[in-house]
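Basis for what follows: all heavy atoms, side chains included, without hydrogens, waters or symmetry-related copies.
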Amino acid sequence: MSPDPAEASETAEGPEKGRRLSPACVLDVDPLLDDPKTRIVVCCGAGGVGKTTTAAALGLRAAERGRKVVVLTIDPAKRLAQSMGIDSLDNVPRRVKGTEGDGELHAMMLDMKRTFDEVVEAHADPERAAAILANPFYQSLSAGFAGTQEYMAMEKLGQLRARDEWDLIVVDTPPSRSALDFLDAPKRLGSFLDGRLIRLLTAPAKLGGRAGMAFLNVGMSMMTGTLGKLLGGQLLKDVQTFVAAMDTTFGGFRTRADATYKLLQAPGTAFLVVAAPERDALREAAYFVERLAAEDMPLMGLVLNRVHGSGAGRLSAERALAAAENLEEPRIVDQGNGKAGLRNSPDTYGSSQSPASETAAIASEEGSPADTERSVDRLTAGLLRLHADRMQLLSREQRTRDRFTARHPEVAVVEVPALPGDVHDLAGLRDIGERLATGRPDPT
């Protein structure tokens with residue numbers, strides 16, 4: 001079996017070299033944000049990898065470089081609102097104060113049910129809209145049907161784009177365990193609402209009059225009886241009432257989903273896959289990359305978040321551990337003047353008292369130089385072991401990233417360093433934006 005290219009590279013260079021991406025592989029964010037032809041940036045990826053922060057930082061950077069930006073987040077957490085100095089976000093774009101430059105930054109959080117309600121209100125007269133909104137089946141569908149959140153995120157994106165009020169829309173997609181959830185859910189919901197079952201349920205209402213009743217009595221009695229047993233008679237009635245009211249209101253949901261797909265495939269859209277330098281996260285990122293390519297959606301690159309660095313990369317983990325062991329085990333290496341006799345003298349080894357007990361006896365004398373020196377040795381050994389852990393982490397992250405780049409050499413990558421704390425204000429988002437633009441992890 002051929003060796004892993006990442007491991008082969010590490011063997012040749014050593015983990016302490018701190019290999020970097022070649023310039024051709026580095027994603028340059030600023031030209032993307034500055035290009036007036038770029039109208040939509042979609043940040044996608046697994047949950048917990050920093051999509052929301054990345055989307056907010058990109059939006060802030062684009063706004064401070066002169067563009068009028070709205071950031072649409074799907075994350076129900078309050079972090080984005082807090083970092084932007086807003087008490088709360090809702091389904092209406094709100095202006096973010098405190099930005100620099102000539103642009104504008106707006107932010108909003110998707111309210112899935114409210115967006116669905118807006119679709120009803122926009123496509124129905126007041127009486128029909130009130131009937132739909134009060135329908136129990138609609139209330140369940142709009143609040144938690146599988147795929148509704150993803151569909152409504154794209155519905156809101158379509159609304160924002162149609163208004164043509166912003167130069168750039170940055171979308172933080174719903175957290176999902178699979179790329180299929182994000183890409184397929186709108187079509188699944190559209191297929192359900194335009195599917196055969198729904199059409200059968202709406203058929204009696206469409207036929208109307210005696211023909212409709214005859215159809216219902218003859219052709220539907222067996223099916224509705226079976227469904228009534230499975231779903232309950234009231235639920236079935238709610239479904240039939242809902243789809244009958246919906247049919248002339250919405251038009252084809254599949255058509256709307258197709259229109260959303262065309263918007264995502266348009267040249268003015270740019271996808272950024274966000275991941276962490278961990279095996280599972282990058283495996284899913286690779287799947288996103290492959291799926292976006294299969295769907296002909298424009299992928300701009302990968303944002304690799306929380307990359308660790310070290311300012312002492314020349315000291316390898318092996319050398320740090322060896323040095324720590326030497327400090328912790330006095331017999332291995334003499335460490336200072338005047339200790340050779342203690343550690344190497346035949347008299348010492350022949351005595352009834354071991355060197356360790358001799359050292360302990362000396363160290364027990366309060367304020368003695370030996371006590372101070374041993375404390376320094378223990379502290380130094382602990383720091384060396386911490387450094388070894390850090391270098392091993394860097395090596396694992398490097399191997400993981402190398403596997404991804406070996407598999408997808410065509411994907412440009414920008415690295416963002418791991419920060420000591422959470423981003424909680426505009427200054428923090430601005431810092432992330434600058435790091436996204438430089439494309440290199442902080443060496444420390």
Novice: Answer yes or no: is there a donor N or O on one side and an acceptor on the other, between the side chain of D167 and the main chain of K68, under 3.5 Å?
Specialist: yes
Novice: Give the C-alpha distance, both sets of side-chain angles, the deciding distance and a yes or no for side-chain contact (heavy atoms from CB on, under 4.5 Å) between L321 and Q392.
Specialist: CA-CA 11 Å; L321 288 173; Q392 290 169 350; 3.9 Å; yes
Novice: Could you pull out all residues at least two apart from R306 that satisfy side chain to side chain donor-acceptor pair (under 3.5 Å)?
Specialist: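 Once residues adjacent in sequence are excluded, R306 has no partner under the side chain to side chain donor-acceptor pair (under 3.5 Å) criterion.
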Novice: On a heavy-atom basis, which atom in Q139 and which in A134 lie closest, and how many Å separate them?
Specialist: NE2-O, 3.5 Å
Novice: For R390 versus S310, what's the shortest heavy-atom pair and its separation?
Specialist: CG-CB, 4.3 Å
Novice: So, taking the atom named CG in L282 and the one named CZ in R401, what distance separates them when rounded to the nearest 0.5 Å?
Specialist: 10.0 Å
Novice: Just verifying a value: how many Å separate Y287 OH and R283 CZ, rounded to the nearest 0.5 Å?
Specialist: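 Y287 atom OH to R283 atom CZ measures 13.5 Å (nearest 0.5 Å).
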Novice: Would you confirm whether E397, through its side chain, and H308, through its main-chain N or O, come within 3.5 Å as a donor-acceptor pair?
Specialist: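 Pair found, side chain donor or acceptor close to backbone of H308.
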Novice: Do E121 and R128 meet the salt-bridge criterion of a basic N to acidic O distance under 4.0 Å?
Specialist: no
Novice: Output all residues satisfying side chain to side chain donor-acceptor pair (under 3.5 Å) with H408, sequence neighbours left out; order by chain, then residue number.
Specialist: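 Listed in chain order: E290, E410.
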Novice: Run the salt-bridge test on R378 and E328 with the 4.0 Å N-O cut-off and return the result as yes or no.
Specialist: no
Novice: Indicate yes or no: at least one non-hydrogen side-chain atom of L302 is less than 4.5 angstrom from one of L272.
Specialist: no
Novice: Search all heavy atoms of F288 against all heavy atoms of A46 and return the closest pair with its distance.
Specialist: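 Looking at all heavy atoms of both residues, the shortest contact is CE1-N, 4.3 Å.
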Novice: Could you tell me whether the side chain of E64 and the main chain of E100 form a donor-acceptor pair under 3.5 Å?
Specialist: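 Yes, because the side chain of E64 sits within donor-acceptor range (under 3.5 Å) of the backbone of E100.
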Novice: Taking the basic N atoms (NZ, or NE/NH1/NH2) and the acidic carboxylate oxygens, is any pair closer than 4.0 Å for R61 and D30?
Specialist: yes
Novice: Which residues satisfy the side chain to side chain donor-acceptor pair (under 3.5 Å) test with R319, sequence neighbours excluded?
Specialist: none
Novice: With sequence neighbours excluded, what pairs up with L384 under the side chain to side chain contact (heavy atoms under 4.5 Å, CB included) test?
Specialist: L315, A320, A323, A324, L327, T380
Novice: Salt bridge or not between R435 and D431? Use side-chain N to carboxylate O under 4.0 Å.
Specialist: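 Yes.
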Novice: Looking at R430 and E434, is there a salt bridge between them, counting it only when a charged N and a carboxylate O are closer than 4.0 Å?
Specialist: no
Novice: Find out whether L429 and L60 are in side-chain contact, i.e. whether some heavy atom of one side chain is under 4.5 Å from a heavy atom of the other.
Specialist: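 SC-SC contact between L429 and L60 confirmed.
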Novice: Side chains of T269 and M297: closer than 4.5 Å at any heavy-atom pair?
Specialist: no
Novice: When you compare the side chain of T54 with that of I432, does any pair of heavy atoms fall below 4.5 Å?
Specialist: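 Of all side-chain heavy-atom pairs linking T54 with I432, none is under 4.5 Å.
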Novice: When you measure from the side chain of T173 to the backbone of V42, do you find a donor-acceptor pair of N or O atoms at a distance under 3.5 Å?
Specialist: no
Novice: Can a donor-acceptor pair be found between the side chains of Q398 and D402 at a distance below 3.5 Å?
Specialist: yes
Novice: Enter the distance from T73:OG1 to M109:CE here, rounded to the nearest 0.5 Å.
Specialist: 5.5 Å
Novice: Does R279 reach the main-chain N or O of R396 with its side chain, forming a donor-acceptor pair under 3.5 Å?
Specialist: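 Absent.
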Novice: Provide the closest heavy-atom pair for L72 versus L157 in the form atom of the first, atom of the second, distance.
Specialist: CD2-N, 4.3 Å
Novice: Using the side-chain contact (heavy atoms from CB on, under 4.5 Å) rule, take T38 and L168 through it: C-alpha gap first, then chi angles, then the decisive distance, then the call.
Specialist: CA-CA 7 Å; T38 303; L168 178 65; 4.1 Å; yes
Novice: According to side chain to side chain donor-acceptor pair (under 3.5 Å), who are the partners of E118, at least two apart in sequence or on a separate chain?
Specialist: N91, K156
Novice: Provide the closest heavy-atom pair for A285 versus F404 in the form atom of the first, atom of the second, distance.
Specialist: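 That would be C-CE1, 4.2 Å.
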Novice: How about CG on D102, more than 12 heavy atoms from neighbouring residues, nucleotides or ligands closer than 6.0 Å, or not?
Specialist: no
Novice: Side chains of R399 and S395: donor-acceptor distance under 3.5 Å anywhere?
Specialist: yes
Novice: Measure the spacing between CG of D90 and CG of L110 and express it to the nearest 0.5 Å.
Specialist: 11.0 Å
Novice: I need the minimum non-hydrogen distance between A63 and V69, along with the two atoms involved.
Specialist: N-CG2, 3.7 Å
Novice: Kindly compute the distance separating CG (L133) from NZ (K113), expressed to the nearest 0.5 Å.
Specialist: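 So the gap between those two atoms works out to 6.5 Å.
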Novice: With a 4.5 Å limit on heavy-atom distance, are the side chains of L436 and V303 in contact?
Specialist: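 With C-beta onward as the side chain, the pair touches.
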Novice: Under 3.5 Å, is there a donor-acceptor pair between the side chain of Y138 and the main chain of D117?
Specialist: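 Side chain of Y138 to backbone of D117: a pair is present.
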Novice: Could you check whether any side-chain heavy atom of K37 comes within less than 4.5 Å of a side-chain heavy atom of P267, counting everything from C-beta outward?
Specialist: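 Of all side-chain heavy-atom pairs linking P267 with K37, none is under 4.5 Å.
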Novice: Check whether any side-chain N or O of E415 sits under 3.5 Å from a backbone N or O of V307 as a donor-acceptor pair, and report yes or no.
Specialist: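 Checking the backbone N and O of V307 against the side chain of E415, no donor-acceptor pair under 3.5 Å is found.
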Novice: Would you please name every residue forming a side chain to side chain contact (heavy atoms under 4.5 Å, CB included) with L299, sequence neighbours left out?
Specialist: F271, V273, V289, L292, V411
Novice: Taking side chain as C-beta onward, heavy atoms only, is E104 less than 4.5 Å from R95?
Specialist: yes
Novice: How far does CZ of R161 sit from CD1 of I169, to the nearest 0.5 angstrom?
Specialist: 6.5 Å
Novice: Determine whether C43 and V274 make a side-chain contact, defined as any pair of heavy atoms from C-beta on separated by less than 4.5 Å.
Specialist: yes
Novice: I would like to know whether L32 and L27 meet side-chain contact (heavy atoms from CB on, under 4.5 Å); could you show each step before the answer?
Specialist: CA-CA 9 Å; L32 173 68; L27 173 64; 5.5 Å; no
